[in-house]
Amino acid sequence: MKDIALITSDDLSLVNNNALNELQLKQLLKATPLQYVKTRPAKGGGTWKYVTGGYVRKCLNIMFGWDWDFEIIEHTIEHGEAIVKGKLTCRVGDRTIIKMQYGNKDVMCKKADGKPLSIGNDLKAAATDALKKCAAELGIAADIYNAEDFREVNVTTGNQIPLEDIEMLFESVKESLSDNDKASIQRIIENEETTSYAKTYKKLNQLANKL
Amino acid sequence: MSNEILTNEKRVGGFTSSLIFKLCTSDRAGNDFGAPALTYIQEKKYEVKLGRSLDTGANSQAISWGTFMEQRVFNLIGFEYLITSDETDEHPIIKGWSGSKDLIVPKVKVSDIKCYQLKNFCAYADALATEDLEHIKKNFPKEYWQLVSNAIINEVPNAEAILYAPNVSELEEIRQMAFDYEGEDQYKYRFIAELPWYELPVIPDESGYKNLNTFEFVVPENDIEFLTDRVKMAIKLRDKC
């Protein structure tokens, strides 16, 4: 995947005293690494793209040296929807960047009695959604957003495994794997088969815990 | 259904693995196409002229269940499989013959996952358990020829039928998967998290049926030839004025 060229160095030079330094801007403007872009088959064909919550947090940590906060300003449950207003605060030296956005999640209910399954889980998902929206205002995963013509990008928290984590885990349990499994996992890593990351990580992790 | 599939060049007017069994039906004399094949060819003729698929999409719970379970099955089986169900493959030479395999073990086999409602599940599980290729071909032609077709398209020597229905004890984890899924089409899967277990195609833990049933076979050479000839004949007939 190529770096996106939404802003040129000429454009940057027009801004005096930019709040972000060059490295931070590079991080912000580079294309989202493939392993964090998730796709899922849309039913009946085609695919949807996602960025993971883990990627957004990692970007914020790298860009702001862990010096960022995310607060829930308010939350509500209305018309079967959990809505959370979040505030992302990032500090750079003596300057502060603040972005506020809403996140939402449909409340899931049991069919039998119509009672919610877990409001807590729904609020957590809505809060993660709000964090991603705030980060998107900064430009994180802009290439994904642009690819969708600034339409909302779906996010998932179910498959957030960086390739390097799998590689590390693989190295640590390699000796206990069969030759077939070793070859298959090597293939998954080499070909960056992202659809197999979550499964591979889970199984390797289970194995590591047993050892 | 996305616009992509409705106007997908590989699919519009083309013969796909999932319905290819229709081309394997013959008339009484056993030489020419049977009625299902002729209807299928006519539909493809319409599509070519129309410029889009005749199918306007379906979104039943049974279809959503099957689609969602594919990921579950993938998580249960070995590392050697690669999940590819969102890709459409074309026959390397014959244009207008395509298919979407669910899984592939490169150079070895294609696999197709079925997660049927219970009556079909039992019948198909019993058929697979016989490990009798002729029996499976006769009683489940749609599934059999789909596998053969995908094996031909992907140039692999083997095909594998996978049939799955979760045990009741697996349901909690599956519900959590449905709950956690945040795709734009998440509404389609709400029922998995919300319906009581007896309204879902799950099987008791102490059932006479296994949750995961597989049957792998070497694709017979004569079936490869037969299907290839049938597709060529169908394309010729479709393109005839």
Side-chain angles (χ1 to χ4, degrees), chain A residues 38-50 52-53 105-118 121-122 124-126 128-129 132 148 151-159 170 177-178 180-188 191 193-196 198-200 202-204, chain B residues 1-8 10-11 53 55-60 63-64 66-68 70-88 100 102-103 105-106 175-196 199-200:
Chain A
K38 306 299 172 191
T39 55
R40 182 176 168 83
K43 305 315 136 200
T47 53
W48 290 110
K49 276 188 180 180
Y50 313 93
T52 67
K105 170 80 169 70
D106 282 346
V107 172
M108 284 202 160
C109 298
K110 293 177 210 160
K111 195 192 177 193
D113 55 12
K115 286 184 181 165
L117 277 175
S118 167
N121 267 347
D122 293 325
K124 273 195 287 185
T128 305
D129 191 39
K132 286 166 188 164
E148 298 272 329
R151 276 178 52 205
E152 185 49 70
V153 171
N154 288 301
V155 288
T156 180
T157 51
N159 189 6
F170 178 49
L177 292 167
S178 68
N180 277 348
D181 281 351
K182 249 188 262 182
S184 299
I185 295 170
Q186 201 73 55
R187 187 202 72 207
I188 290 166
N191 297 342
E193 292 170 12
T194 52
T195 50
S196 296
K199 165 185 172 175
T200 308
K202 192 178 169 188
K203 293 196 173 178
L204 290 178
Chain B
M1 181 176 278
S2 71
N3 287 339
E4 195 188 324
I5 198 160
L6 297 176
T7 54
N8 186 338
K10 290 176 190 170
R11 286 182 172 269
S53 168
D55 185 6
T56 50
N59 177 29
S60 70
I63 291 171
S64 298
T67 311
F68 198 78
E70 274 179 19
Q71 187 63 45
R72 169 83 184 161
V73 172
F74 177 62
N75 290 339
L76 293 176
I77 56 182
F79 291 117
E80 66 272 27
Y81 294 88
L82 181 58
I83 192 163
T84 58
S85 44
D86 57 332
E87 290 168 15
T88 302
S100 298
D102 290 331
L103 303 165
V105 178
R175 286 191 200 277
Q176 192 61 46
M177 271 171 74
F179 191 89
D180 289 341
Y181 176 59
E182 292 180 7
E184 198 160 282
D185 52 354
Q186 59 176 264
Y187 67 93
K188 289 183 187 171
Y189 306 118
R190 286 183 68 154
F191 73 95
I192 298 174
E194 294 173 357
L195 285 180
E199 287 185 33
L200 293 169

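Side-chain atoms are counted along with the backbone in the values below, which use heavy atoms only and exclude waters and symmetry mates. Letters A, B, ... mirror the listed sequences (proteins, then strands); counts begin at 1.
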Whether over 12 other heavy atoms sit under 6.0 Å from Lys124(A) NZ: no
Exam field: side chain Lys199(A) to backbone Ile77(B), donor-acceptor pair closer than 3.5 Å: yes
Check against side chain to side chain contact (heavy atoms under 4.5 Å, CB included), Arg187(A) and Leu82(B): CA-CA 10 Å; Arg187(A) 187 202 72 207; Leu82(B) 181 58; 4.0 Å; yes
Residues that Lys110(A) engages under side chain to side chain donor-acceptor pair (under 3.5 Å), provided they are two or more places apart: none
Qualifying residues under side chain to side chain donor-acceptor pair (under 3.5 Å), relative to Glu80(B), sequence neighbours excluded: none
Residue pair Ala193(B) / Met108(A): nearest heavy atoms and the distance that separates them: CB-SD, 3.9 Å
Over all atoms of both residues, closest heavy-atom pair of Phe79(B) and Thr200(A): CE2-CA, 3.7 Å
Which portion of Phe74(B) sits near chain A, non-hydrogen atoms under 4.5 angstrom: both
Heavy-atom pair count under 4.5 Å with chain A, highest-scoring of Asn75(B), Val105(B), Leu76(B): Asn75(B)
